[in-house]
Visitor: 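Supplied in structure tokens, the structure appears directly below.
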Amino acid sequence: MTKAASVIHWFRLDLRLHDNLALRNAINEAENRKQTLRPIYLLDPDLKNKVGKNRLRFLIQSLRDLDANLRKINTRLFIIKGNVECLPQLFEKWQVKFITLQVDIDAELVQQDEVIEQICEEKDIFMVKRVQHTVYDFNTVLKNNNGNVPLTYQKFLSLVANTQVKDSIEITKEISNDCKAPDFDSTENDITILEDLGFSEADLNECKYPGGETEGLKRLNLYMAKKQWVCNFEKPNTSPNSIEPSTTVLSPYISHGCLSSKLFYHKLKQVESGMKHSSPPVSLLGQLMWREFYYTAGAGTKNFDKMVGNSVCTQIPWKKNEEYLKAWAEGRTGYPFVDAIMRQLKQEGWIHHLARHMVACFLTRGDLWVSWEEGAKVFEDYLLDYDWSLNAGNWMWLSASAFFYKYYRVYSPVAFGKKTDKEGLYIKKYVPELKKYPSEYIYEPWKAPKSVQTAAGCVIGENYPKRIVDHDKVHKDNIQRMNAAYKLSKEKKALKHYLCRLKRPCNVAKRNQRRHYTFQSKAFSE
DNA sequence: AATCAGGTTGGAAAC
DNA sequence: AGTTTCCAACCTGAT
């Protein structure tokens with residue numbers, strides 16, 4: 001009788017066995033009740049319209065690896081082809097009494113969660129949610145700051161300075177046959193191939209970063225073994241345009257939850273201990289803390305991924321310009337460094353953090369004056385390591401809409417890349433039309449004499465686009481526009497403040513608070 | 001209230 | 001070559 005009932009762990013952005021408390025909760029509960037354990041993943045067929053090919057491939061690879069790892073402990077992954085609307089049916093079909101999942105903060109997932117929580121309540125299904133995607137529980141961090149979002153990195157660091165980080169857990173014990181699903185060997189719901197989602201492997205570029213927990217852990221161990229390198233790491237001194245990545249590229253594994261940020265934290269602490277090492281914000285640990293910072297900000301701010309209705313975001317009158325946006329996204333702005341970066345992004349799904357700075361500044365306040373929201377959407381498509389909070393937060397940073405305010409510091413699409421790649425080898429790799437250009441002109445091919453252009457087999461305006469804007473001129477105009485936008489925003493703030501004080505002392509902290517979902521039950525132990 | 005220090009990573013020119 | 005200064009001047013958080 002009890003055999004028919006099931007316990008579900010709903011995998012989302014936690015595609016791993018290690019440091020997965022919610023999964024362990026599900027396993028223990030299934031064992032205690034002698035019920036069927038069903039680890040599930042909802043694979044939305046509509047995803048192919050929302051997510052770029054490379055990221056989709058990374059996801060599929062991660063799911064396959066997850067399934068393989070689950071089989072090692074006598075269970076498997078059940079892939080459900082459908083979206084969240086399938087869940088009520090599954091609850092019926094499998095007689096679900098207990099469900100576990102991790103807390104995610106992407107606005108869309110949060111909305112889904114509300115619906116599911118409601119359904120579980122109605123059907124008397126016990127739900128366990130665990131904060132395990134970040135090192136710190138952002139609700140606690142916000143509480144420590146009186147419900148206010150910390151607006152600087154240093155402030156964030158001070159808020160977590162005395163927080164003990166729990167150990168990362170392991171799940172290695174095989175589950176008993178009592179909990180094994182009766183349809184364990186069914187292949188009905190296997191992920192067959194990418195064709196299921198409308199792609200064939202042939203459409204795709206070479207796979208530089210294969211998805212999955214196994215790969216993520218391998219990569220982590222590879223880099224943590226280089227102790228000297230880890231301890232000397234300083235982000236601003238790494239190169240955005242080296243041919244091979246100058247940083248770890250652990251980010252796609254962390255964003256998909258193939259790798260636990262908490263495990264990364266402890267490994268870093270271990271490597272640093274007893275050694276002279278760099279510190280936040282520039283150290284590797286500092287990079288992880290940036291992620292925590294943006295997660296906290298994202299969790300505590302309504303409409304964090306939008307400009308309007310976002311309390312931390314300065315309102316700037318960006319202009320719609322489809323032509324500019326397309327030229328930028330497709331890597332044909334006529335600025336070779338910008339185009340090389342955008343093409344690497346599209347091909348490989350990963351670009352260096354400083355390369356992201358370059359192109360983000362260029363699209364927004366630097367040159368094209370297009371909204372950061374548009375750029376964020378393009379990054380969402382292409383980045384393997386796309387992450388809701390980090391993407392919105394960094395775009396606001398670079399567009400000087402929040403967190404960073406020195407808008408008069410503008411990246412030059414000509415000068416910036418030269419610092420680390422004078423020869424322009426990076427450009428020659430990703431913008432092959434220009435590969436025969438002399439290094440002298442590689443960052444500014446329009447300056448090459450016609451004879452040089454012809455000799456290099458690439459005439460500007462014919463074989464490679466003319467630059468769409470004149471950076472030297474336009475970036476100065478844009479600084480003035482930023483100046484005006486800041487002034488207006490300041491006046492509005494002052495007026496609001498004044499009106500607020502006229503009425504009643506208003507509690508900004510309370511107004512900015514957003515509903516948080518954290519599971520807290522004294523009856524349920526880990 | 002007013003002031004001050006500090007802020008992950010700018011560029012160009014001057015030493 | 002590597003550091004300093006100017007450019008024109010932002011914001012937050014602390015006091």
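A note on names: the letters A, B, ... follow the listed sequences, proteins ahead of strands, and every chain is numbered from 1.
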Visitor: It should be established whether A/Gln154 places a side-chain nitrogen or oxygen under 4.0 Å from OP1 or OP2 of nucleotide B/dT8.
Guide: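 For B/dT8, OP1 or OP2 has a side-chain N or O of A/Gln154 closer than 4.0 Å.
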
Visitor: Check this for me, if you would: do A/Arg356 and A/Asp385 make a salt bridge, where the nitrogen-to-carboxylate-oxygen distance has to be below 4.0 angstrom?
Guide: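 Salt bridge flag = yes for A/Asp385 with A/Arg356.
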
Visitor: Pick the C1' atom in B/dA1 and in C/dG13, then give their distance to the nearest Å.
Guide: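 Result for the C1' pair: 15 Å, nearest Å.
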
Visitor: Looking only at heavy atoms, what is the nearest atom pair of A/Val103 and A/His133, with distance?
Guide: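 So the minimum-distance heavy-atom pair works out to O-CB, 4.3 Å.
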
Visitor: Rounded to whole angstrom units, what separation is found between the OH atom of A/Tyr294 and the P atom of B/dT8?
Guide: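 Atom OH in A/Tyr294 sits about 9 Å away from atom P in B/dT8.
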
Visitor: Mind checking whether A/Tyr153 and A/Trp290 have parallel, tilted or perpendicular rings, split at 30° and 60°?
Guide: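 Rings of A/Tyr153 and A/Trp290: parallel, as their planes differ by under 30°.
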
Visitor: Can you sort out which residues in residues 475-495 of chain A have a heavy atom within less than 4.0 Å of DNA chain B? Ascending by number, please.
Guide: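 Of all residues in residues 475-495 of chain A, none places a heavy atom under 4.0 Å from DNA chain B.
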
Visitor: So, do A/Trp290 and B/dT8 meet the stacking rule of ring centres under 5.5 Å and planes under 30°?
Guide: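 Whether judged by distance or by angle, A/Trp290 passes, so it stacks on the base of B/dT8.
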
Visitor: Quick one: A/Lys419 NZ to B/dA12 C1', roughly how many Å, whole number?
Guide: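 Distance, rounded to whole Å: 12 Å.
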
Visitor: At what distance, to the nearest 0.5 angstrom, does CD of A/Glu330 lie from NZ of A/Lys346?
Guide: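 Rounded to the nearest 0.5 Å, the CD-NZ separation comes out at 5.5 Å.
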
Visitor: Looking at A/Val338, A/Leu368, A/Thr333, which hits side chain to side chain contact (heavy atoms under 4.5 Å, CB included) with A/Leu363?
Guide: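 With A/Leu363 as partner, A/Val338, A/Leu368, A/Thr333 yield a single side chain to side chain contact (heavy atoms under 4.5 Å, CB included), made by A/Leu368.
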
Visitor: Would you kindly give the CG-to-C1' distance between A/Asn237 and C/dG2, to the nearest whole Å?
Guide: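 These atoms are roughly 14 Å apart.
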
Visitor: So, is the end of the A/Lys262 side chain (NZ or CZ) under 6.0 Å from the ring centre of A/Tyr265 and within 45° of the ring's axis?
Guide: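 Here A/Lys262 fails the 6.0 Å and 45° test against A/Tyr265.
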
Visitor: It should be established whether A/Lys406 places a side-chain nitrogen or oxygen under 4.0 Å from OP1 or OP2 of nucleotide C/dC7.
Guide: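 No, no such contact exists.
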
Visitor: For A/Lys235 and B/dT9, give me the distance from atom NZ to atom P, rounded to whole Å.
Guide: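 The answer, rounded to whole Å, is 13 Å.
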
Visitor: Is A/Glu433 salt-bridged to A/Arg343, going by a charged N under 4.0 Å from an acidic O?
Guide: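 Judged by the 4.0 Å cut-off on N to carboxylate O distance, A/Glu433 and A/Arg343 do form a salt bridge.
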
Visitor: Provide, to the nearest angstrom, the distance between the CG atom belonging to A/Asp367 and the P atom belonging to B/dG11.
Guide: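 So the two atoms are 12 Å apart, to the nearest Å.
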
Visitor: Could you let me know what C/dG2 is paired to, Watson-Crick or G-U wobble, both distances under 3.5 Å, or none if it's on its own?
Guide: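 The base-pairing partner of C/dG2, which may sit in any strand shown, is B/dC15.
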
Visitor: Which listed nucleotide (B/dT9, C/dT12, B/dG11) is nearest to the side chain of A/Leu151?
Guide: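 Taking heavy atoms from C-beta onward, the closest nucleotide is C/dT12.
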
Visitor: Both distances below 3.5 Å, Watson-Crick or wobble geometry, any strand: find the nucleotide opposite B/dG7.
Guide: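 Per the H-bond distance test, C/dC10.
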
Visitor: Say we look at B/dC4 and C/dA9: how far apart would their C1' atoms be, to the nearest angstrom?
Guide: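 To the nearest whole Å, 15 Å.
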
Visitor: If I take atom CZ in residue A/Arg365 and atom C1' in nucleotide C/dA9, what distance separates them, rounded to the nearest angstrom?
Guide: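 For the pair A/Arg365 CZ and C/dA9 C1', the rounded distance is 14 Å.
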
Visitor: For A/Trp350 and A/His352, take the angle between the two ring planes, folded into 0 to 90°, and tell me which bin it lands in: parallel under 30, tilted 30 to 60, perpendicular over 60.
Guide: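 Because their plane-to-plane angle is over 60°, the rings of A/Trp350 and A/His352 count as perpendicular.
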
Visitor: Contact class for A/Phe403 (heavy atom, under 4.0 Å): base, sugar-phosphate, or nothing?
Guide: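 No contact.
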
Visitor: Measure CZ/A/Arg409 against C1'/C/dC6 and give the value in whole Å, please.
Guide: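 Taking CZ of A/Arg409 and C1' of C/dC6, I get 12 Å after rounding.
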
Visitor: When the P atoms of B/dT8 and C/dA14 are considered, how many whole Å apart are they?
Guide: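 Each nucleotide's P atom is 14 Å from the other's.
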
Visitor: Can you tell which of B/dT9, B/dG11, C/dT12 lies closest to the side chain of A/Tyr405?
Guide: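 Among B/dT9, B/dG11, C/dT12, the one nearest the side chain of A/Tyr405 is C/dT12.
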
Visitor: Roughly, in whole Å, what's the span from CZ in A/Phe233 to P in B/dT9?
Guide: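 A/Phe233 atom CZ is separated from B/dT9 atom P by 15 Å.
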
Visitor: For A/Tyr407, report the nucleic acid contact type (base, sugar-phosphate, nothing); a contact means any heavy atom under 4.0 Å.
Guide: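 Since only primed, P, OP1 and OP2 atoms lie under 4.0 Å of A/Tyr407, the category is sugar-phosphate.
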
